[in-house]
Amino acid sequence: MRALLTAVASLATLSCLALGQNNSADSRPKAPVTTQAAANKGNDRKWWKEAVVYQIYPRSFKDSNGDGIGDLKGIISKLDYLKSLGIDVIWLNPIYGSPNDDNGYDISDYQAIMKEFGTMQDFDELLKEMHARNLKLVMDLVVNHSSDEHKWFKESRISRSNPYRDYYHWWPAEKGKPAHRWSFFDVNADAWKYDKATDSYYLHYFSQKQPDLNWENPKVREEVFSMMRFWFDKGVDGFRMDVIPFISKDISFPELPAEYHGDYIKYYAHGPHTHEYLQAMNKDVMSKYDVMTVAEGIGVSSDESLDYVDADRHELNMLYHFEGVSLGYLPNSRKVPDPKGYSLVEFKKIYSKWDSVFAQKGWGTVYLGNHDQPRMTTRWGNDSPQWRELSSKMLTTFLLTMRATPYYYAGDELGMINIKFDRIEDYRDIESLNWYQLEKNSGGDLKKFLEAQKISARDNGRTPFQWDKTTNAGFTTGTPWLKVNSNYPTVNVAVEDKDPNSCLNYFRKIVKLRKDNQVLVYGKYTLLDADNPDVYAYTRELDGKKWLVLLNFHDKAASANTGLDLSHAKVLLGNYATPSRDGKLKPYEAVILEL
Ligand code: ISL
Ligand code: CA
């Protein structure tokens, strides 16, 4: 139990995600790049550094056929909207064949499209139409595990001598119970599942329907690499790599080494061959295409991140850390928010530290929302009617002005907020359902658990996208797979499109500002007034240009003490009609000044 609690704690201390983008006008298949060394030296400029990545959770974006589930045709029908945002890259969560135990993160066919989402023909059309609009497509690569319904696993479990046996991690029962491993999504939090057919246990870091692939087997690596080439040959522009730091395991499966002190996530991210496998992947696959890659940097600390993204190492381009999004949860809890809120001083420290990691080499990412996170406005801003729009625009300002590729989550441009379900029956996410069961089995306080989930549950970020004020926000004509937020009559694309001061139009403006001004991409970042508990202040500098970003994270007026002369400052963008020019900020005020 103690191990379980610490592991859950370490989960809470993680944070989650992000991706990058492009600017080459287009075209597939891509010409092989020269040499990786020439292409990727030091701090060179790259399309994916200059990109704004926009993440779509396909299940929740737009349903074209009334079955209540978003699909590829739905996305195709909204490409002009996506283009209108000014973004460059779209990252799609998994759209492959899947029985949907974990909404597509359990893949049964890596080279097919999920039935609910459409056909390969729809996919080809989507890619073609995106490229015609100069939008790049990044797919999700989920290769730490497959579905138990994948052909490989079905074969693997038949007999100990099956040719696919070593595609997964098996432990023969006659050797006794294997050393404990913790599982993210298991009602007993146990990552070993006994399988009668061969009297053996198999490993599943995630749900029982997500067995871990055995990367120590060269055949598995070759299968994955050839599958990646299949998608790159189609013209896909990159991969976001799901829990990629977990792929390599010590297959003797020893007791947890003492140095990890019950911190399974950290242990999982420190397998013996991770970097060797990523280098092989780069050499055999990525180096042959002009594509971008971003790791879900789960379990990776700031001082290890360059091992993944230093161009000289020929592994990946970017990584998204979990330190930022983990702030403000109570230790040893299932993402229970600290009643005192989070400390802005800590927040600034974390993002400034991560900026400094990539000051000379590699490249960073920044995000506040994704499909594993609650809505950013609820979690990091203020979702009350009075402050929703202002705080949401303030957070958008932060994301679009950092020296890192922004990964912006669909719906955040509208200022969407958490749905805050009262009942467990409304949840669909395996994580919440499983944790509820764990809580119940251990006699925990279910009411308290449900209160915490209103802030932190993943389903808050997965409710249907809000298009207009018609039934179900125009997402579906049927019954949506997850309830629609009741604020949809006012928070939606149709309404915001017409309002020059909406969150949506603010997002469009700031994306354009970033795209037009490389100072926001490559400019040096300097944190000012670090101890100010209310204001996040920083400058960005490039080629003689100096811009100042001031963000008030709280609902009271606050002043920034930057020590800079603001008398000639010019306002470039702000979230109030009359933006502050003197460093005295209104509640949740955001302003970008040219000095
Ligand atoms: O959100 C999380 C941490 O706050 C975890 O729930 C999450 O499982 C973890 O970050 C790993 O995430 C990725 O792999 C999972 C999948 O459920 C997530 O959606 C995915 O992003 C298993 O494939
Ligand atoms: Ca559908």
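Remember, it's 1-based here, ligands and their atoms both numbered in the order they're listed.
Less than 4.0 angstrom separates some heavy atom of Asp242 from each of these atoms of ligand 1: 13 (C), 14 (O), 20 (C), 21 (O), 22 (C), 23 (O). Short contacts between ligand 1 and Phe185, defined as distances under 4.0 Å to a heavy atom of the residue, involve ligand atoms 8 (O), 17 (O). Counting the atoms of ligand 1 from 1 in the order shown, those under 4.0 Å from a heavy atom of Glu296 are 9 (C), 10 (O), 11 (C), 12 (O), 13 (C), 21 (O). Under a 4.0 Å criterion applied to the non-hydrogen atoms of His371, ligand 1 contributes the atoms 18 (C), 19 (O), 20 (C), 21 (O). Atoms of ligand 1 found under 4.0 Å from any heavy atom of Val243 (numbered from 1 in listed order, with element): 11 (C), 14 (O). Near His145, with a cut-off below 4.0 Å to any heavy atom, the atoms of ligand 1 are 22 (C), 23 (O). Annotation for ligand 1: atoms under 4.0 Å from non-hydrogen atoms of Phe206 are 8 (O), 15 (C), 22 (C).
Using bins of under 30°, 30° to 60° and over 60° for the plane-to-plane angle, the ring pair Phe347/Tyr342 lands in the tilted bin. Between Trp467 and Tyr81, the ring planes lie perpendicular to each other; the angle is over 60°, past the 30° to 60° tilted range.
Using a 4.0 Å cut-off between a side-chain N of Lys or Arg and a carboxylate O of Asp or Glu, Lys209 and Asp106 do not qualify as a salt bridge. Looking at Arg462 and Asp372, a side-chain N of the basic residue comes within less than 4.0 Å of a carboxylate O on the acidic one, giving a salt bridge.
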Discussion item. Would Tyr277 and Glu216 count as a side-chain hydrogen bond (donor to acceptor under 3.5 Å, both in side chains) here? Give the steps.
Written reply: CA-CA 9 Å; Tyr277 298 157; Glu216 320 310 297; 2.7 Å; yes
Practice prompt. Could you check Gln208 against Asp148 for side-chain hydrogen bond (donor to acceptor under 3.5 Å, both in side chains), going step by step and ending with a plain yes or no?
Written response: CA-CA 8 Å; Gln208 295 182 0; Asp148 66 339; over 6 Å; no
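Coordination check, Gly70 versus the Ca ion (ligand 2): failed, since every N/O/S atom of the residue sits at 3.0 Å or beyond. Not a single N, O or S atom of Thr476, from either the backbone or the side chain, sits less than 3.0 Å from the Ca ion (ligand 2). At a cut-off of 3.0 Å, Asp63 coordinates the Ca ion (ligand 2) through an N, O or S atom.
Proximity of Arg240 to ligand 1 is established by a heavy-atom distance of less than 4.0 Å.
The residue from Val325, Asp372, Asn434 that puts a heavy atom closest to atom 19 (O) of ligand 1 is Asp372.
The name of the N, O or S atom in Asp67 nearest to the Ca ion (ligand 2) is OD1. In terms of distance to the Ca ion (ligand 2), the nearest N, O or S atom of Asp71 is named OD2.
In this structure, Lys349 forms no cation-pi arrangement with Trp354, as its terminal cationic atom is not both closer than 6.0 Å to the ring centre and no more than 45° off the ring axis.
Donor-acceptor pairing under 3.5 Å is lacking for the side chains of Tyr267 and His261.
When each of Phe61, Tyr105, Tyr409 is paired with His371, the ring-ring contact (aromatic ring centres under 6.0 Å, His included) condition holds for Tyr105 and for no other.
The Ca ion (ligand 2) forms the vertex of an angle spanning OD1 of Asn65 and O of Ile69; to the nearest 10 degrees it equals 150°.
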